2 protein chains.
Amino acid sequence: MTALPIAAVERDTGIPKDTLRVWERRYAFPLPLRDDKGERLYPIEQVEKLRLLRRLLDQGHRPGSIVSAPAEALAALLEPTGHMGGESSNAAIDPLIDLVRMHRNAELRAALQQHAVKLGLQRFVAELVAPLSQAIGEAWLRGDIGVAEEHLFTEQVQNLLRSSINSLGPSARSPRILMTTVPGEEHILGLLMVEATLAPEGVQCISLGAQTPVADIAQAARDGQFDIVAVSFSAAFPARQAFLALEQLRNALPVGISLWAGGAALNGKRKRIDNVRQIDRLDALLDALAEWRQTN
Amino acid sequence: MTALPIAAVERDTGIPKDTLRVWERRYAFPLPLRDDKGERLYPIEQVEKLRLLRRLLDQGHRPGSIVSAPAEALAALLEPTGHMGGESSNAAIDPLIDLVRMHRNAELRAALQQHAVKLGLQRFVAELVAPLSQAIGEAWLRGDIGVAEEHLFTEQVQNLLRSSINSLGPSARSPRILMTTVPGEEHILGLLMVEATLAPEGVQCISLGAQTPVADIAQAARDGQFDIVAVSFSAAFPARQAFLALEQLRNALPVGISLWAGGAALNGKRKRIDNVRQIDRLDALLDALAEWRQTN
DNA sequence: TTCATATCTTTGTCCTGGACAAATTAGAAT
DNA sequence: ATTCTAATTTGTCCAGGACAAAGATATGAA
C-alpha cells in the first residue's frame with residue numbers, strides 16, 4: 001500500500017487525472033513510479049503533498065509557483081493565513097472547535113445540544129452553526145484539523161439539526177420548497193441550515209439530499225407542485241460550474257417555480273442569472289420568504 | 001439547455017469520459033454534436049439513453065449488445081425483470097413503495113414513523129427498512145421509480161433513523177465502533193442501519209459519514225481508541241474496488257482493531273480477506289457483537 | 001492615487017488514436 | 001455437469017497537442 005494508481009489518487013485528492021498528468025508534464029511534479037505496464041503509481045508521500053497542494057490552491061495560491069516547490073516550503077505557506085482578521089464575533093465558537101480537534105465527541109454533542117436549546121433553532125443555526133462550520137472549513141484549509149475531524153463535526157451537526165427539524169412536525173402552510181444540491185456537490189449542511197431556518201416559519205421544506213441530476217430536480221419540482229426550488233453550493237464547489245448548473249436548472253424549470261440559490265461558492269460573486277434569487281446570508285432567507293408570501 | 005458537455009454527462013450519468021469516448025468509437029453511440037471548438041455536446045435525448053444504459057449494465061447486460069441498440073428496444077429490456085420471484089415476504093412493503101412512487105411524502109413519513117414505533121428500532125430496521133430499501137433499489141433498476149423518488153425515500157428514512165438513534169442518548173459500554181464508507185461510496189443508509197441495530201445494545205457507535213479516505217480512517221481509529229472499524233458497501237459499488245479498499249484499510253489499521261465489512265456489494269461473494277469480518281446480514285451483526293464481547 | 005481597459009501568461013480541460021490486461025463468454029475435454 | 005483453455009469484450013490508461021477562460025500585468029484616463 002505504498003503507491004496508488006492514478007484513479008485512486010484522483011478520488012483521494014479530488015484532482016482530475018488530466019490535471020495530474022499535465023502537472024507532471026509542466027512542473028515535473030508529481031513524478032510517479034511506473035508499474036510493469038507503464039502505468040503511473042503514485043508513492044504515498046507524493047499523494048500527501050498533492051493533498052497539501054489542493055488546500056493551498058483553495059486558499060488562492062497558483063499552481064505554477066507551488067507545485068514544483070519542495071514539500072517543506074509548502075507547509076510554511078499554510079501558517080501565515082493563520083487567524084486572519086479575527087472575525088470570530090462569537091466567543092462560543094473557539095471552545096467548540098477545540099472539542100472537534102480533540103475528538104471529544106460526547107462533549108461536543110452535549111455542548112451543541114445545550115446551545116441549541118438555549119438559542120432556539122433559528123438563532124442556533126444563524127449564530128452558531130453557520131460561523132462554526134465556516135471556521136471549521138478554514139481550519140481544514142489551514143491543516144489545523146483533519147478530514148476525519150471535519151466529518152465527525154458534520155455528522156454531529158447533521159444529527160442535531162435533523163432531529164430538531166423532525167420534532168417540529170409536518171407543516172401545512174405555503175410555500176412548498178424543494179431543496180437539493182446538483183451533481184458534484186455533496187455537502188448538505190447548507191441545505192439543513194436552510195431547512196432549520198425556514199421550517200419554524202411553517203414552510204413545507206422537502207429535501208432530496210445531495211447530487212440530484214438537473215433534469216430530475218425539474219421533474220420532481222413539477223410533479224410535486226412545488227413553489228420554490230432551493231439549491232446550495234459549498235465553498236469547495238467551483239463558482240463557474242455553479243453558475244452553469246443554475247442556468248441549466250433555470251431553463252429546465254417552469255417559469256412559475258422560483259429558483260433560490262445560496263452558499264459560500266456564490267457569496268462574493270457579482271454575477272447574476274435572470275430569474276434566480278441569489279441569497280447571500282441566512283437571514284436574507286427570511287426576507288426572501290416574506291417577499292414571496294407577499295407576492296403570492 | 002438542449003446539449004451538455006462531456007464533463008456534465010459524466011457527472012449526470014456516472015459514466016467516465018474515457019468510456020463515453022470509447023463507446024462512440026466502438027459502437028457509434030453516443031454520437032454527440034460538436035461546438036465551434038470541436039468539443040462534444042451531448043443532446044439531452046442521448047444523455048437519457050445513457051442513463052437507461054447505465055441501469056441495464058447494472059442489471060447485468062453487456063455493452064456490446066445494448067449500446068448501439070435503438071432506445072425503444074432498450075425500454076423493452078427493462079420490463080422483463082418485472083416482479084421477479086415475488087420475494088416480498090413482508091406485506092407492509094408494497095404499500096410503502098407506492099407512497100414513494102406517488103410522492104405522498106407526508107403519508108410516507110407518518111407510515112414509517114408508525115411502523116418504527118410498533119416494531120421497535122431494531123426490528124423496524126431488520127424487517128422493514130432493509131427489505132424496503134432493497135425493493136426501492138430494484139424498482140430503480142427497473143425504471144419504476146426515478147432518481148428523485150429514491151432520494152426522497154432515502155432522506156425520509158435517514159431523518160427517522162437519525163432521530164431515533166439520537167433519542168437513545170449516549171452509550172458508555174464497549175466496544176467503541178467507528179463507522180464510515182470509503183471514497184467513492186456515498187450511500188450511508190447501510191451505516192445508519194448498522195448503527196440503529198447496535199446502538200440499542202449499548203455500543204458506542206461513531207459515524208464519520210461517507211467517503212473518508214483510507215488513511216484518515218486508520219488515523220481516526222487510532223486517535224479515537226476504537227475497538228472496531230465498520231465499513232459498508234452498497235449494491236452500486238463495484239465489488240472489486242471494495243475488496244481493494246478493504247485490503248488497503250486492513251493494512252493501514254493496527255492489528256488490535258477489528259475490521260467489519262458489510263453491504264450488498266459483498267453479499268454473494270465468496271472471496272475473503274484475512275482478519276476482515278464480512279457480515280452478510282443485519283442479524284449477523286448481533287452475532288459478531290456477542291462474539292467480540294466474549295473474546296474481549 | 002484609483003479605476004477601467006487592453007495584452008500577455010497561466011492553467012484546466014478536451015481531443016485523437018493507440019494499447020493492454022482483467023473480466024466475460026464460448027468451446028473443448030474430462 | 002464440471003473444469004480447463006482460448007477467444008472476445010470492455011474499461012482504463014497513455015502521449016502529446018490544442019485552446020479558451022481566468023488571472024496577472026501593463027497602459028492610459030479621471
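The shown structure was predicted, so the numbers you read here are calculated from the model rather than taken from an experiment. In what follows, chains carry the letters A, B, and so on, assigned in the order in which the sequence lines appear, proteins first and then strands, with residues in each chain numbered from 1.
A:R26 places its CZ atom 15 Å from the P atom of D:dA15, with the value rounded to the nearest Å. Between the CG atom of A:L20 and the P atom of C:dT11 there is a distance of 15 Å, rounded to whole Å. Between B:R34 atom CZ and D:dA20 atom P the separation is 15 Å, expressed in whole Å. In this structure, B:K37 atom NZ and C:dT13 atom P are separated by 12 Å, rounded to whole Å. The NE2-P distance, from A:H61 to C:dT10, rounds to 17 Å in whole Å. A straight line from CG of B:L244 to P of D:dT12 spans 13 Å, rounded to a whole angstrom. The nearest whole Å value for the distance from the CG atom in B:D36 to the C1' atom in C:dC15 is 15 Å. Atom P of nucleotide D:dT10 and atom CD1 of B:I15 are separated by 14 Å, given to the nearest angstrom.
Applying the 4.0 Å criterion to OP1 and OP2 of C:dC15, one finds that B:R40 has a side-chain N or O inside that range. In this model, the phosphate group of C:dC14 is approached by a side-chain N or O of B:K17 to a distance below 4.0 Å at OP1 or OP2. Proximity of B:Y27 to the phosphate of D:dT10: a side-chain N or O atom is located under 4.0 Å from OP1 or OP2.
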(message) Run A:V147 and A:H151 through side chain to side chain contact (heavy atoms under 4.5 Å, CB included) and show every step you take.
(response) CA-CA 6 Å; A:V147 181; A:H151 280 212; 3.6 Å; yes
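Closest to the side chain of B:R21, from the set C:dC15, C:dT11, D:dC13, is C:dC15. When the nucleotides D:dG11, D:dA20, C:dT13 are ranked by their closest atom to the side chain of A:D18, C:dT13 comes out on top. Of the candidates C:dT13, C:dC15, D:dT12, C:dT13 carries the atom nearest the A:T19 side chain, counting heavy atoms from C-beta on. The nucleotide whose nearest atom lies closest to any side-chain atom of A:R25 is, among C:dA19, D:dA18, D:dG11, D:dA18. Listed nucleotides C:dC14, D:dA21, D:dC13 differ in distance to B:E39; the shortest reach to its side chain belongs to C:dC14. Closest contact between the side chain of B:I6 and the listed nucleotides D:dG11, D:dA15, C:dC14 involves C:dC14. In the set D:dC14, C:dG12, D:dT12, the nucleotide with an atom closest to the side chain of B:V22 is D:dT12. Distance from the side chain of B:A7 is smallest to C:dC14 among D:dC14, C:dC14, C:dG12. Checking C:dT10, C:dC15, D:dT10 against the side-chain heavy atoms of B:R62 singles out D:dT10 as nearest.
Using modelled atom types, one finds a donor on one side chain and an acceptor on the other under 3.5 Å when comparing B:E185 with B:H187. In this model, no donor atom of one side chain and acceptor atom of the other lie less than 3.5 Å apart for B:E186 and B:T181.
Two residues are said to be in side-chain contact when any heavy atoms from C-beta on lie closer than 4.5 Å; A:R21 and A:T19 fail this criterion. Contact annotation: the side chain of B:P30 never approaches that of B:K49 to less than 4.5 Å [non-hydrogen atoms, C-beta and beyond].
Residue contacts shown for A:P5 are absent, as no nucleic acid heavy atom lies under 4.0 Å away.
In terms of position on DNA chain D, the residue among A:G38 and A:G60 whose nearest nucleotide sits closer to the 5' end is A:G38.
For B:T154 (side chain) and B:E150 (main-chain N/O), a donor-acceptor pair under 3.5 Å exists by modelled atom type.
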